[in-house]
Amino acid sequence: MKHIAPPPGSYYLKSPEEEVIIVDSIQNLPENDAYYTDYILFIFCTEGKAQMEYDGMSIQIKKGEVFFGVPGSVLSDYMISPNFNCKILAIKPSEIITSREIHSRIINIMFYIKTNPVGGMTEQEQKIIIDYYHLLCSRIQATDHSYYYGIVRSIIDAITLEVVGIIERNKVSETPTDSLRSDQIVQRFMKIVGESHGRERRVEHYARMLNITPKYLCVLVKNILGRKPTEIIEGATIKEIERQLRYSDKSVKEISNDLDFPNPSFFGKYFKQRSGMTPMSFRKKYRK
């Protein structure tokens with residue numbers, strides 16, 4: 001699994017420490033593989049259309065639409081039309097979550113964004129986004145300015161709020177107390193799954209932490225996210241295994257122990273059933 005990088009032949013800009021990467025046009029896409037991103041990703045489609053797998057979910061983006069990708073996601077199996085083009089902003093989360101308003105707005109809609117990452121823009125919104133985009137391209141090169149980071153962050157904040165507003169508009173309002181509580185339970189579930197780093201794989205464990213029954217948790221997660229809790233838990237576990245295989249020097253046995261598997265044999269079977277490869281095959285193929 002590769003980290004997303006500007007395609008060969010594309011025109012791109014980046015800030016000094018690569019907090020922000022801008023891809024202005026795509027001329028040659030790299031081989032069709034799975035790409036991992038630890039950036040917040042905005043893709044503004046300017047021509048044609050594209051289809052891809054986003055964390056196992058099939059999505060499509062076409063001209064006049066924006067894609068909002070969250071960190072820790074995987075993009076794969078993409079297909080594009082001959083005239084496809086887009087503008088891409090890849091931004092480290094620390095550069096966006098700088099104001100209380102943006103943090104609050106993103107947190108409130110994060111789980112909707114995760115399952116509904118594409119929003120349609122009006123012509124006026126497209127113009128505004130492109131104007132901000134060109135302004136960012138201009139200002140990101142002015143690294144000698146005394147207030148360089150403040151200016152760049154202000155433009156990024158404006159773009160982020162515009163995109164969040166577009167995504168929010170597509171969200172059907174849910175006002176009943178039960179719906180609000182359901183969202184909060186699922187948000188808490190996703191948070192503690194992430195915090196477990198693949199070490200806890202029982203639905204019962206998470207239901208107990210949330211003071212609800214496993215059956216009720218399954219119903220809530222299925223209704224709100226369209227997936228089973230086990231799928232989300234397994235996805236988090238596989239991501240952690242892949243991360244350790246790629247970026248740590250731990251042996252397979254050490255990773256198995258770290259993630260509380262009964263033994264390395266069970267660990268190997270678990271990973272192969274879900275990834276199609278043994279842990280060592282994965283490490284050999286994707287290790288830097």
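This is a predicted model, so every value here is computed, not measured.
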Quiz question: by atom type and distance under 3.5 Å, do the side chains of Ser73 and Asp55 form a donor-acceptor pair? yes
Any side-chain heavy-atom pair from Ser138 and Ile140 closer than 4.5 angstrom? no
Sequence neighbours excluded, which residues qualify as ring pair (Phe, Tyr, Trp, His ring centres under 6.0 Å) partners of Tyr133? none
Which atom of Gly198 lies closest to which atom of Thr237, heavy atoms considered: CA-OG1, 3.6 Å
Glu195 atom CD: more than 12 heavy-atom contacts under 6.0 Å: yes
Taking the basic N atoms (NZ, or NE/NH1/NH2) and the acidic carboxylate oxygens, is any pair closer than 4.0 Å for Arg243 and Glu240? yes
Do Ile61 and Lys49 make a side-chain contact, defined as non-hydrogen atoms from C-beta onward lying under 4.5 Å apart? no
ring-ring contact (aromatic ring centres under 6.0 Å, His included) with Phe67: which of Tyr78, Phe42, Tyr54? Tyr54
Which heavy atom in Ala50 sits nearest to a heavy atom in Ile80, and how many Å separate them? CB-CG2, 3.7 Å
Closest non-hydrogen atoms of Ile130 and Lys87, given as atom of the first, atom of the second and distance, are CD1-CD, 3.9 Å
Between CZ on residue Arg208 and OG1 on residue Thr213, distance to nearest 0.5 Å: 13.0 Å
Residue pair Gln51, Ser58: steps toward the side chain to side chain contact (heavy atoms under 4.5 Å, CB included) verdict: CA-CA 7 Å; Gln51 181 174 312; Ser58 181; 3.6 Å; yes
Between Lys63 and Thr46, is a side chain to side chain contact (heavy atoms under 4.5 Å, CB included) present by the stated rule, with each step listed? CA-CA 5 Å; Lys63 182 179 179 180; Thr46 55; 5.9 Å; no
Glu234 and Arg201 ion-paired at < 4.0 Å: no
Side chain to side chain contact (heavy atoms under 4.5 Å, CB included) between Leu75 and Glu53, worked out: CA-CA 6 Å; Leu75 302 176; Glu53 291 289 312; over 6 Å; no
When you measure from the centre of the six-membered ring of Tyr270, is the NZ or CZ of Arg274 closer than 6.0 Å and no more than 45° off the axis? yes
Quick one: are Ile40 and Lys92 in side-chain contact, heavy atoms under 4.5 Å? no
Would you say the side chain of Tyr206 lies within less than 4.5 Å of the side chain of Glu200, judging by non-hydrogen atoms? yes
Is a donor on one side and an acceptor on the other found under 3.5 Å between the side chain of Ser256 and the backbone of Val252? no
Quick check: closest heavy atoms across Pro264 and Lys253, and the distance to 0.1 Å? CG-CG, 3.9 Å
Do any N or O atoms from the side chain of Asp77 and from the backbone of Met52 form a donor-acceptor pair under 3.5 angstrom? no
Applying side chain to side chain contact (heavy atoms under 4.5 Å, CB included) between Val221 and each of Thr230, Ile185, Val203, Ile232, report the one that passes. Ile232
Straight-line distance of Ile212 CD1 to Leu220 CG, nearest 0.5 Å: 5.5 Å
Taking C-beta and beyond as the side chain, do Pro279 and Ile241 meet within less than 4.5 Å on heavy atoms? no
Measure from the side-chain N and O atoms of Glu254 to the backbone N and O of Ser251, and report whether any donor-acceptor pair falls under 3.5 Å. yes
Nearest non-hydrogen partners of Ile238 and Phe271, listed with the distance: CD1-CD1, 3.9 Å
Could you tell me whether the side chain of Glu162 reaches within less than 4.5 Å of the side chain of Tyr132, counting heavy atoms only? yes
Output yes when Glu125 and Lys127 qualify as a salt bridge under the 4.0 Å nitrogen-oxygen rule, no when they do not. no
Heavy-atom neighbours of Lys250 NZ exceed 12 at 6.0 Å: yes
If Ile, Leu, Val, Met, Phe, Trp and Tyr residues are connected whenever their side-chain heavy atoms lie under 4.5 Å apart, and connections chain through other members, are Val219 and Met190 in the same group? no
Run the salt bridge (charged side-chain N to carboxylate O under 4.0 Å, His left out) test against Arg227 and tell me which residues pass, sequence neighbours left out. none
Is there side-chain contact between Val118 and Gln60, with at least one heavy-atom pair below 4.5 Å? no
CD1 (Ile22) and CG (Leu136) are apart, to the nearest 0.5 Å, by 4.0 Å
Which atom names give the shortest non-hydrogen contact between Phe282 and Glu242, and what distance separates them? CZ-CG, 3.4 Å
With under 30° as parallel and over 60° as perpendicular, where do the rings of Phe261 and Phe267 fit, or are they tilted in between? perpendicular
Approximate separation, where rounding is to 0.5 Å, of Lys215 NZ and Glu204 CD: 14.0 Å
Check: Leu41 and Phe68 side chains under 4.5 Å, non-hydrogen atoms: no
How many angstroms lie between CG in Leu89 and CZ in Phe44, if you round to the nearest 0.5 Å? 5.0 Å
Which value, rounded to the nearest 0.5 Å, describes the distance between Leu245 atom CG and Met277 atom CE? 9.5 Å
Could you check whether Glu65 pairs with Lys62 (Lys NZ or Arg NE/NH1/NH2 to Asp/Glu carboxylate O, under 4.0 Å)? yes
Side chain to side chain contact (heavy atoms under 4.5 Å, CB included) between Ser196 and Lys191, worked out: CA-CA 9 Å; Ser196 79; Lys191 183 174 186 293; over 6 Å; no
